Amino acid sequence: MKDVSTLADCAYGQVWIPYTSTGMDKETWNDDHMGMMSCTLLAHSQKDFSAIRQEAERRKLEYNTLIGKNGWELIYRNRPYDQEKNAIAFGVNVEPDVDAARRQRIVIFVILLIVPAINLSSMTQSRLRQRVAEIGVRRAFGSTRMSVMGQIIAENFVVTLLAGIVGLLLSVAFAYLGNTVLFAQEYSQTLSPPSVDASILLHASTFGWALLFCFVLNLMSSGIPAWKASRIGIVNALGGRLH
């Protein structure tokens, strides 16, 4: 079996041993419990989640009937969780709030979208103020408004592509330099320090989606200034005026 990354919360293999042979069943605060164990199911499709939860509930009722004779009760807290819910779980006694986590992510994404958009729009507007005369000359020689807009947006796309490549290289370098801070899991810095390699950091689809997001952000931030610049009258543009 190939070794797994220290960043992984869990791993899969086709080698099995009885859990009682490892003493895991006794790793708990109370010997009457099953120990600190968990089970992960790989469903065939998302449609199977309902059937899995129904079966888990049925088995829970059977087990509670068995241990109820000794005054015990197994509490699931709406388990089993799917991958999204399990990723934000903290402690076994608190059920994660998926809706709150989603709202928090949406707020963060909106902030990350609006702040750069405002900065990029201001930068584009500032650059256009310096190129008003150039736009006027192009318009005077027969350039259409659509061609002026296309040039401005295309230039911003080229800048975005170059910035994305530079950002990727800087991110990889920073990840290697700060891996013990960025990727260390709980209690793992001393027991199992994280190791980072290129296969973890470089993923074509992730970089593609991030670059697409940057292109959309660039289009939003440069489209309006480019449209305004293309609407400047030729006489005003030659005089260096935006209006």
Side-chain angles (χ1 to χ4, degrees), residues 3-13 19 24-25 27-30 33-61 63-64 73-116 167-168 171-172 174-214 216-217:
D3 192 13
V4 298
S5 170
T6 53
L7 305 180
D9 291 325
C10 55
Y12 168 78
Y19 69 89
M24 184 182 292
D25 56 321
E27 292 182 1
T28 183
W29 293 286
N30 193 315
H33 289 179
M34 289 290 292
M36 295 182 180
M37 299 181 60
S38 63
C39 175
T40 301
L41 300 177
L42 180 60
H44 184 268
S45 69
Q46 191 172 359
K47 298 179 181 179
D48 298 331
F49 287 179
S50 177
I52 293 173
R53 291 190 175 96
Q54 290 178 6
E55 178 63 14
E57 184 66 21
R58 185 183 69 82
R59 297 300 300 270
K60 183 192 76 169
L61 295 176
Y63 189 65
N64 276 335
E73 180 184 4
L74 179 63
I75 301 175
Y76 269 12
R77 302 193 187 281
N78 292 322
R79 287 180 175 85
Y81 298 156
D82 57 16
Q83 188 174 9
E84 179 187 12
K85 195 170 184 177
N86 187 69
I88 61 175
F90 181 78
V92 297
N93 294 322
V94 179
E95 181 179 356
D97 190 342
V98 178
D99 293 335
R102 289 176 179 173
R103 288 193 297 268
Q104 183 180 15
R105 288 197 300 268
I106 291 175
V107 170
I108 293 175
F109 292 156
V110 169
I111 293 175
L112 292 177
L113 176 66
I114 292 178
V115 173
L168 175 64
S171 298
V172 172
F174 185 72
Y176 272 104
L177 295 176
N179 64 332
T180 56
V181 178
L182 295 175
F183 303 109
Q185 297 182 7
E186 191 176 8
Y187 310 118
S188 67
Q189 288 195 4
T190 55
L191 299 178
S192 181
S195 59
V196 179
D197 54 48
S199 63
I200 298 175
L201 298 176
L202 300 178
H203 202 286
S205 63
T206 303
F207 178 70
W209 281 109
L211 192 60
L212 177 61
F213 174 80
C214 292
V216 173
L217 182 63

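Residues take their numbers from the sequence shown, with the count starting at 1. This one's a predicted model, so the numbers in the text were calculated from it and none came from an experiment.
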Does [X] have any side-chain hydrogen bond (donor to acceptor under 3.5 Å, both in side chains) partners at least two apart in sequence or in another chain, and if so, which?
X: Ser205; value: His203
X: Glu57; value: Lys60
X: Asn78; value: Glu95

Suppose the criterion is side-chain hydrogen bond (donor to acceptor under 3.5 Å, both in side chains): which pairs have a residue in residues 103-116, not counting sequence neighbours?
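Applying side-chain hydrogen bond (donor to acceptor under 3.5 Å, both in side chains) to every pair that reaches into residues 103-116, excluding sequence neighbours, yields Glu84-Arg105.
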
Within 6.0 Å of CZ in Phe49, more than 12 heavy atoms from elsewhere:
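Yes, enclosed.
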
Tyr76, OH: over 12 other non-hydrogen atoms inside 6.0 angstrom:
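More than 12 within 6.0 Å, yes.
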
List in chain and number order the residues that pass side chain to side chain contact (heavy atoms under 4.5 Å, CB included) with [X], two or more places apart in sequence or in another chain; answer none if no residue qualifies.
X: Asp97; value: Asp99, Ala100
X: Leu42; value: none
X: Pro80; value: Ile52, Arg53, Ala56
X: Ser45; value: Lys47, Asp48

Indicate the atoms forming the closest heavy-atom contact of Tyr63 with Leu74, along with that distance.
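Minimum heavy-atom contact is CD2-CD2, 3.8 Å.
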
Kindly compute the distance separating CG (Asp82) from CG (Leu41), expressed to the nearest 0.5 Å.
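It is 12.0 Å, given to the nearest 0.5 Å.
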
What's the separation between atom NZ in Lys85 and atom CZ in Arg79, rounded to the nearest 0.5 Å?
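Here the interatomic distance stands at 8.5 Å.
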
Residues in salt bridge (charged side-chain N to carboxylate O under 4.0 Å, His left out) contact with Arg59, at least two apart in sequence or another chain:
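Salt bridge (charged side-chain N to carboxylate O under 4.0 Å, His left out) list for Arg59, sorted by chain: Glu62.
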
